Amino acid sequence: MARIKPQALLQQSKRKKGPSRLSAATIIFYSLILLLVGFFLLATYRHWSNRSRLQSESHMTVSDEGENSFVDSKKSELPGYAVLNTSKGSIIVELYKESAPEAVDEFIDLCQKGHFKGMLFQRVIKHYVIQAGEGEGHGTGAADWNLRGKQPASMKHEAFMLGTSKGKHTNKGFDLFITTAPIPDLNEKLIVFGQVVKGEDVVQEIEEVDTDEHYTPKISIGILDVTLKQKI
């Protein structure tokens, strides 16, 4: 039997040994690579997630702005002024579209139907108010206005405010009041939806006409028609 040389035995011994262990540096190196890959994947996910959320919010904002602009455009389309052409001259009123939208809408609708055409001023209380339309019956209502007007109180509203009586209106029940002096309890009586901006002298001329004991003018004074305008 041939003797194996020591050098051959050494080579055979090396071939029989298992795989060599990884060094600590190699383990750290591959761990860093895994961490970097994980960080990159997380950053990518966050980026696309935020982008998707921002696009969604942007779409909602544009949608809301579109709706708001539509509502605003509707408001802006409403007439901002009304010209009351009376037998004494013209009275121009600015409408309170923002603060009294329901009353303004009803007033505009009635104007377009010709409701105020030929409406008479049924009640005139000097230094207080003039009223066009049927409203309350003669006597008690007017006297109540007059007595309250003479009571001293803090004045909350200026003269030349346009309003209508509170409560649900029928077509005949939508009357018009124009104050000729500050009224302390105006909110309790009227829905104020406008203010005279031109034609105060016409209001004062109507206020000065002679009336009977029921505060009804002795001569007929009325509204010929009402013209709606965007601007004056």
Side-chain angles (χ1 to χ4, degrees), residues 1-83 92-113 115 154 156-158 161-169 171 174 186-188 190-198 226-232:
M1 182 175 177
R3 181 180 288 182
I4 300 173
K5 293 180 179 182
Q7 189 173 6
L9 287 172
L10 181 60
Q11 289 177 352
Q12 288 179 0
S13 175
K14 287 182 178 179
R15 283 197 294 268
K16 289 180 181 179
K17 286 183 180 180
S20 59
R21 293 183 179 178
L22 294 175
S23 66
T26 303
I27 294 173
I28 293 173
F29 175 74
Y30 283 111
S31 297
L32 288 174
I33 290 177
L34 288 174
L35 285 173
L36 288 173
V37 170
F39 178 77
F40 174 77
L41 291 174
L42 180 62
T44 302
Y45 170 77
R46 286 183 175 177
H47 169 75
W48 287 105
S49 177
N50 289 335
R51 182 174 179 179
S52 186
R53 180 177 58 81
L54 289 172
Q55 285 178 344
S56 176
E57 290 178 353
S58 175
H59 176 73
M60 290 176 63
T61 302
V62 170
S63 177
D64 291 343
E65 287 178 353
E67 290 178 1
N68 290 336
S69 63
F70 177 76
V71 172
D72 291 340
S73 66
K74 280 291 185 182
K75 286 183 180 179
S76 64
E77 287 173 5
L78 290 174
Y81 299 86
V83 182
I92 300 176
V93 178
E94 181 181 4
L95 303 175
Y96 291 164
K97 295 186 289 184
E98 298 293 333
S99 59
E102 292 181 2
V104 170
D105 287 345
E106 189 175 0
F107 173 75
I108 290 172
D109 181 58
L110 291 173
C111 286
Q112 293 169 341
K113 292 177 179 177
H115 170 71
S154 59
K156 297 180 182 179
H157 295 276
E158 296 300 321
M161 308 297 286
L162 174 69
T164 187
S165 54
K166 287 189 172 182
K168 292 184 178 180
H169 299 119
N171 279 347
F174 197 104
L186 186 59
N187 284 333
E188 297 176 12
L190 300 181
I191 300 171
V192 176
F193 64 93
Q195 182 174 14
V196 177
V197 293
K198 191 174 181 180
V226 179
T227 305
L228 299 173
K229 293 182 176 292
Q230 290 284 352
K231 297 179 180 180
I232 57 169

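Computed from a predicted model, the values in this text were never measured in an experiment.
Shown here for Met161 and Val192, the closest heavy-atom pair between the two residues is CE-CG1, 3.8 Å. Across every non-hydrogen atom of Ala103 and Phe174, the tightest pair is O-CZ, 4.1 Å. Nearest approach of Tyr96 to Gly194, heavy atoms of both residues: CD1-N, 3.7 Å.
Side chains of Phe107 and Thr164 form no contact here, defined as non-hydrogen atoms less than 4.5 Å apart. Proximity of Leu190 to Lys166: side-chain heavy atoms (C-beta onward) are nowhere separated by under 4.5 Å. For the pair Ile232/Val197, a side-chain contact is recorded, criterion being any heavy-atom separation below 4.5 Å from C-beta on. Residues Ile108 and Leu228 are in side-chain contact: their nearest non-hydrogen atoms beyond the backbone lie under 4.5 Å apart.
With rounding to the nearest 0.5 angstrom, the OH atom of Tyr81 is 4.0 Å from the CD atom of Glu94. Annotation: the span from Ile27 atom CD1 to Leu32 atom CG amounts to 12.0 Å, rounded to 0.5 Å. Note: Thr227 OG1 to Ile92 CD1 = 10.0 Å, rounded to the nearest 0.5 Å. Here the CG-CG distance, from Asp105 to Leu95, works out to 10.5 Å after rounding to the nearest 0.5 Å. Once rounded to the nearest 0.5 Å, the distance linking CD of Glu106 with CZ of Phe193 reads 9.0 Å.
For the side chain to side chain contact (heavy atoms under 4.5 Å, CB included) with Phe40, the lone residue among Leu36, Val37, Thr44 that qualifies is Thr44.
With hydrogens and angles disregarded, a donor-acceptor distance shorter than 3.5 Å links the side chain of Lys97 to the backbone of Leu78.
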